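Some notes on the structure that comes next.
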Amino acid sequence: MAGNIYIGEVFRNDEIRRDFFLMKIRLPVQFDRPRPGQFVMARIAGLQDPFLSRPFSIYAYGRGRGGCAIELLYRVAGKGTRILAGLIRGSQVEISGPLGTGYTVDPTKKNIVLIAGGIGIAPLSLLARELRRTNSRAADAVTVYLGARTGEALVGLEELKASCGNVIFCTDDGTLGEKTLVTKAFRRDLKKYDPADTALYACGPKPMIRSLAGLLKDEYVCQVSLEERMACGVGACAGCVVAVKDAAGNKAYRRVCADGPVFNLKDILWE
Amino acid sequence: MAGNIYIGEVFRNDEIRRDFFLMKIRLPVQFDRPRPGQFVMARIAGLQDPFLSRPFSIYAYGRGRGGCAIELLYRVAGKGTRILAGLIRGSQVEISGPLGTGYTVDPTKKNIVLIAGGIGIAPLSLLARELRRTNSRAADAVTVYLGARTGEALVGLEELKASCGNVIFCTDDGTLGEKTLVTKAFRRDLKKYDPADTALYACGPKPMIRSLAGLLKDEYVCQVSLEERMACGVGACAGCVVAVKDAAGNKAYRRVCADGPVFNLKDILWE
Amino acid sequence: MKKKSKTDPALSVDIAGLKMKNPVMTASGTFGYGEEYADYVDLNRLGGIVVKGLSLKPRLGNPPPRIMETAGGMLNAVGLQNIGVEAFIAEKLPFLRRYDVAVIANIYGESYAEYAGVAKQLASAPGVHALEVNVSCPNVKQGGLSFGADPKAAAEVTRRVKAETDLPVIVKLTPNVTDITVIARAVEQAGADAVSLINTLTGLAIDLRTRKPHLKNVTGGLSGPAVKPVALRMVWQVAQSVSIPVVGMGGILSARDALEFMVAGANAVEVGTANFINPLATMEIVVGMQQYLKQNRLKNIAEIVGTLQV
Amino acid sequence: MKKKSKTDPALSVDIAGLKMKNPVMTASGTFGYGEEYADYVDLNRLGGIVVKGLSLKPRLGNPPPRIMETAGGMLNAVGLQNIGVEAFIAEKLPFLRRYDVAVIANIYGESYAEYAGVAKQLASAPGVHALEVNVSCPNVKQGGLSFGADPKAAAEVTRRVKAETDLPVIVKLTPNVTDITVIARAVEQAGADAVSLINTLTGLAIDLRTRKPHLKNVTGGLSGPAVKPVALRMVWQVAQSVSIPVVGMGGILSARDALEFMVAGANAVEVGTANFINPLATMEIVVGMQQYLKQNRLKNIAEIVGTLQV
Ligand SMILES: Cc1cc2nc3c(=O)[nH]c(=O)nc-3n(C[C@H](O)[C@H](O)[C@H](O)COP(=O)(O)OP(=O)(O)OC[C@H]3O[C@@H](n4cnc5c(N)ncnc54)[C@H](O)[C@@H]3O)c2cc1C
Ligand SMILES: Cc1cc2nc3c(=O)[nH]c(=O)nc-3n(C[C@H](O)[C@H](O)[C@H](O)COP(=O)(O)OP(=O)(O)OC[C@H]3O[C@@H](n4cnc5c(N)ncnc54)[C@H](O)[C@@H]3O)c2cc1C
Ligand SMILES: Cc1cc2nc3c(=O)[nH]c(=O)nc-3n(C[C@H](O)[C@H](O)[C@H](O)COP(=O)(O)O)c2cc1C
Ligand SMILES: Cc1cc2nc3c(=O)[nH]c(=O)nc-3n(C[C@H](O)[C@H](O)[C@H](O)COP(=O)(O)O)c2cc1C
Ligand code: FES
Ligand code: FES
């Protein structure tokens with residue numbers, strides 16, 4: 001079931017790195033506690049240009065007396081995010097959510113491995129924090145692989161270090177951490193992770209997800225969060241689909257917003 | 001010839017009465033000194049909703065070292081003006097102008113009479129100030145009739161009192177000044193004004209202009225400033241026309257933006 | 001959940017036998033099967049729900065990307081992905097039956113026989129109150145021009161569907177034609193109980209960087225406020241040329257928009273793309289219509305239908 | 001003022017004999033007779049200026065209001081107010097001749113004879129480099145359907161105009177048709193040297209308060225970014241169906257938009273409504289095209305024409 005719609009108030013909106021912003025939004029207490037991997041649709045009420053709402057993963061969530069707050073970690077990619085970036089404290093933003101399915105957490109697994117590319121850190125960071133909040137043993141057992149094009153784009157690292165046992169980070173150009181692709185860094189360690197006792201969670205650009213798919217044997221279960229352009233965000237328009245193998249092994253299109261954004265990597269069809 | 005286009009900076013934007021705003025905009029020194037009755041097209045750069053620029057009379061003009069400034073006096077009428085009203089000091093606004101023909105001032109006339117309805121005071125106020133600036137005798141000879149629906153909408157009065165010899169003001173509901181229509185107040189005095197020695201200038205809602213047309217014998221010359229929806233503001237689209245009698249006495253459509261906004265009241269065809 | 005919500009009799013309409021508590025319906029393809037928006041919208045307060053277009057067999061739909069934002073609107077090439085009429089009846093109708101709302105099944109076919117087949121299955125399905133026939137799909141036999149662009153084909157589809165059902169049949173017209181009134185009259189003569197319009201305008205968006213279309217399907221259907229002037233014009237034209245009821249849509253965001261369509265001649269309206277940008281749009285439109293009636297001291301919404309003064 | 005401005009040979013185009021220093025023209029009806037924007041735009045830097053539609057005699061045009069803003073665009077019903085072809089030649093052409101820019105006379109008629117008559121007068125007018133034939137006007141004899149909606153009538157207009165002049169003849173197509181490629185092929189066969197598209201989509205806007213149309217003429221033509229997806233689709237379709245050059249327009253605001261039209265198959269573009277909201281639009285588009293060529297190491301703008309990968 002879908003979430004609901006609220007008027008949020010911008011509490012902070014800081015450029016933490018060039019073109020990367022962290023926005024904290026105050027919401028009424030009715031806003032449901034999100035599961036990691038869930039997202040919101042955001043828009044500026046009354047503004048018709050850009051026309052559609054924009055989807056953002058929930059990066060952090062907190063609850064206090066009389067209200068709650070979410071944080072979005074976002075990169076300025078185009079018109080919509082540029083307008084978001086211009087909002088000052090006190091501005092209103094329309095938030096619909098929490099939406100989508102989110103990650104299914106299995107704390108019984110010995111190894112919990114997160115693989116994040118660029119802004120893909122947003123949903124995984126909430127996952128890491130929720131693991132720590134609900135079960136600190138699991139959090140210590142978490143290993144994160146975090147990669148980005150360049151050091152300037154490697155956001156969320158401090159947060160992760162605080163919540164996870166083991167953080168491995170790298171950049172394509174070597175300006176921060178090791179100079180390698182995040183999937184390569186992960187592959188190097190792959191044999192350490194027993195398929196039966198490992199839960200993998202990933203989010204990042206399509207090429208990263210695709211190369212993960214090539215890397216992982218069928219025994220591994222890897223939950224990936226996908227991105228597609230969205231219109232409704234609630235499963236009503238069938239605009240945001242991704243091709244998957246259905247239960248019978250046939251090709252089907254699934255809605256990223258309602259059937260995802262988290263999918264089993266094995267199910268995704270690369271065409 | 002048309003004016004040109006500049007990025008202006010909002011210097012003040014105050015709600016001087018409920019729904020009436022006074023915006024002062026700083027412009028580069030290249031912005032031509034406007035003639036009273038000229039106007040600008042304003043828009044917020046990059047914003048496509050509302051789509052078209054909006055025309056506003058120039059209410060005041062000043063020039064200093066390194067730049068100049070104009071003031072717009074405007075009423076919140078719809079989407080465009082509501083957005084203008086929300087601009088804070090330092091905001092940018094795209095200004096094209098000064099546009100249109102403006103009033104032709106004949107200081108040799110003994111009586112100079114301005115008749116303004118509501119926001120129609122905007123161009124006439126600049127006229128009054130220019131008369132004082134260029135020729136203080138004429139300014140003392142100026143009589144202004146200023147009317148509005150209600151006292152709350154009677155703006156610009158103090159300014160006028162400062163620049164004109166004689167200000168008569170009234171409201172439809174009697175909340176400020178006399179309870180009468182501005183055209184009625186003017187009609188009462190009409191016989192005082194010898195057609196040969198009187199220059200009349202008017203701006204206001206269509207019904208006011210129309211009733212002036214009914215009032216004035218053909219001997220009077222009355223310059224009226226008209227309003228029509230505009231697209232280009234420079235005479236290129238023929239979107240903003242008004243029906244007039246041309247020199248040969250035939251019906252023709254004239255562009256309010258380029259052939260006006262100031263017309264000879266006698267020429268206007270009421271259909 | 002089948003509770004009668006407080007309704008306003010002044011808003012109730014009867015579109016060729018389809019009785020609704022108000023003239024506000026959701027447009028096909030923009031409101032799923034109703035359940036997707038049930039957290040946002042009290043379905044009991046809607047006039048009608050037009051469900052996603054149904055075909056005889058489930059359809060995969062087009063490959064992604066399927067949507068793209070444009071100035072004041074969007075393009076879609078969903079390609080009529082749907083679960084098929086059987087699954088609809090078995091899996092989706094029971095949910096909808098729990099609500100006191102008219103359910104209109106939008107149907108679709110690639111041949112006359114498919115249209116007839118879908119109509120037949122729905123004819124006896126409990127909880128379906130009317131059919132809306134989407135004739136905008138390409139007529140494969142006729143070289144890909146849509147059924148709805150050819151008065152003869154549109155009339156034939158109408159006849160075939162009418163032959164299968166006693167439900168009110170609303171034929172949904174495409175705007176991608178030279179003269180929409182010709183098509184409207186053709187389907188009226190073929191027995192359509194009402195017409196609805198407009199479906200989407202065919203458009204294209206290009207990604208300059210890759211020099212590829214933004215939609216995998218190349219072209220898509222344009223909807224949203226950008227098309228509203230075209231939709232209003234066509235509704236006005238059609239309302240003057242047929243005597244059956246007209247359902248208007250195309251870019252409706254607000255009660256004001258909806259009322260403009262009714263002034264142009266629509267007896268009811270559908271709200272499509274607006275749901276995406278404001279899930280509460282339909283509710284706001286119902287409330288706005290009530291306010292309008294009150295402010296203008298009108299006894300019934302029907303009083304404004306077709307009152308455009310030209 | 002006839003000074004050669006610094007031009008970039010990589011941008012120069014030749015549309016069926018109409019040579020221009022770049023593919024950026026102003027669209028008819030949106031740039032007056034050139035002089036209105038001369039304070040904003042260096043006319044020498046434009047590829048071409050298409051002037052306001054000319055008829056045989058001066059035309060009053062429609063009563064106001066003539067324009068209305070809509071979502072992402074506007075409606076106009078100027079009704080082809082113009083000074084007539086004679087006054088154009090006597091009063092407007094001398095000004096335009098002072099500039100090093102292609103002048104395209106947009107012409108218009110209510111009968112075949114009027115089209116031919118206007119073309120004839122312009123054929124020998126010094127400083128006119130091409131004719132653009134607006135066939136979107138209602139064909140009074142054919143019940144008001146526009147010349148451009150009927151392939152036979154559009155072809156006949158083309159033949160009649162071609163018979164009067166050796167200037168390149170560009171036929172400007174209306175988008176209000178079921179299949180624009182049929183019309184495009186008809187005028188190509190009738191001798192058109194090029195086609196341009198799209199003219200405006202017919203629309204309606206209603207003032208709910210008064211229940212009157214916002215335009216006195218009731219309907220008007222929709223233009224601006226709202227129509228861009230429809231325009232791009234039609235340009236792409238037409239470019240594939242004819243072998244004469246195509247001039248694309250409809251909602252172009254930026255160099256990016258203009259280049260998308262060229263990727264879709266346009267050999268040149270016209271910029272219309274954009275002039276109203278940004279008088280510098282044409283200049284920015286020319287500069288943007290230059291930058292694009294440089295960034296993509298292209299030798300000539302022609303290299304991108306029709307390169308859409310589908
Ligand atoms: C479930 C989900 C969660 C997301 N979470 C985040 C997040 O936490 N932080 C973040 O910065 N971004 C996130 N995104 C991506 C974000 O939605 C897009 O960057 C944003 O919509 C771009 O809007 P824009 O108007 O700035 O750019 P546009 O001008 O619309 O587009 C700029 C570029 O971004 C691409 N783009 C547009 N929409 C999407 C989309 N929905 N998904 C992917 N690419 C898109 C376009 O194709 C184009 O290349 C998420 C997307 C999805 C679907
Ligand atoms: C030459 C000229 C000078 C003007 N000077 C001033 C001024 O100094 N101060 C001021 O407050 N207003 C002035 N106006 C009117 C002003 O342009 C409109 O109020 C404004 O465009 C409304 O924009 P909006 O988006 O707020 O309203 P919209 O939502 O566009 O419309 C609200 C209402 O205003 C009417 N309207 C829209 N545009 C115009 C227009 N161009 N002229 C008249 N009515 C219009 C509409 O029909 C509607 O009834 C002037 C207009 C012209 C043509
Ligand atoms: C994503 C999407 C899917 C649609 N699917 C259908 C459909 O299955 N059948 C149909 O008849 N119309 C379909 N339409 C068209 C709408 O029902 C409606 O006619 C059109 O969008 C115009 O209305 P709007 O501007 O309010 O959206 C679809 C529209 C959209 C945006
Ligand atoms: C105010 C206005 C007047 C127009 N007049 C004409 C005309 O006289 N002849 C013509 O062929 N097209 C005319 N057009 C259509 C434009 O030339 C162009 O085809 C259309 O506006 C689409 O382009 P755009 O979206 O860039 O404006 C006019 C358009 C506008 C907005
Ligand atoms: S965005 Fe509408 S179904 Fe996913
Ligand atoms: S607004 Fe274009 S001619 Fe006046």
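Proteins come first, then strands; the chains are lettered A, B, ... in the order of their sequence lines, and each starts at number 1. Note that the structure is predicted; figures quoted are calculated from it, not measured.
Residue contact with chain D, scored on non-hydrogen atoms closer than 4.5 Å, involves the side chain of Leu75(C) exclusively. There is no contact between Phe261(D) and chain C, counting heavy-atom distances below 4.5 Å. At a 4.5 Å heavy-atom cutoff, the contact between Ala264(C) and chain D is made by backbone and side-chain atoms alike. Residue contact with chain D, scored on non-hydrogen atoms closer than 4.5 Å, involves the side chain of Thr70(C) exclusively. If you measure heavy-atom distances from Thr210(C) to chain D, the contacts under 4.5 Å come from the backbone alone. Heavy-atom distances place the side chain of Leu222(C), and not its backbone, under 4.5 Å from chain D. Contact annotation for Thr219(C): only side-chain heavy atoms (C-beta onward) come within less than 4.5 Å of a heavy atom of chain D.
Taking chain C as the reference chain and counting heavy-atom pairs below 4.5 Å, the highest number among Gly73(D), Gly224(D), Ala231(D), Ala226(D) is found for Ala226(D). Note on Val310(D), Leu232(D), Leu259(D): by heavy-atom pairs under 4.5 Å with chain C, the leading option is Leu232(D). For the options Ala205(C), Gly72(C), Pro229(C), Gly220(C), heavy-atom pairs under 4.5 Å to chain D are most numerous at Pro229(C). Ranked by heavy-atom pairs under 4.5 Å with chain D, the first of Pro213(C), Pro175(C), Pro225(C) is Pro213(C). Ranked by heavy-atom pairs under 4.5 Å with chain C, the first of Thr174(D), Val230(D), Leu208(D) is Leu208(D).
Arg211(D) contributes atom CZ, which lies 6.5 Å from atom CG of Asn296(C) (distance to the nearest 0.5 angstrom).
In the displayed structure, Arg256(C) atom CZ is contacted under 6.0 Å by at most 12 heavy atoms of other residues, nucleotides or ligands.
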Practice problem: In sequence, state the C-alpha distance, the side-chain angles, and the governing distance for Met234(C) and Leu204(D), and then conclude on side-chain contact (heavy atoms from CB on, under 4.5 Å). | Solution: CA-CA 8 Å; Met234(C) 290 187 167; Leu204(D) 169 66; over 6 Å; no
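Side-chain atoms of Thr178(C) never come within 3.5 Å of backbone atoms of Ala149(D) as a donor-acceptor pair (strictly under, hydrogens ignored). Here the side chain of Arg233(C) pairs a donor or acceptor atom with the backbone of Thr202(D) at under 3.5 angstrom.
The shortest non-hydrogen separation linking Leu308(C) to Lys212(D) is CD1-C, 3.8 Å.
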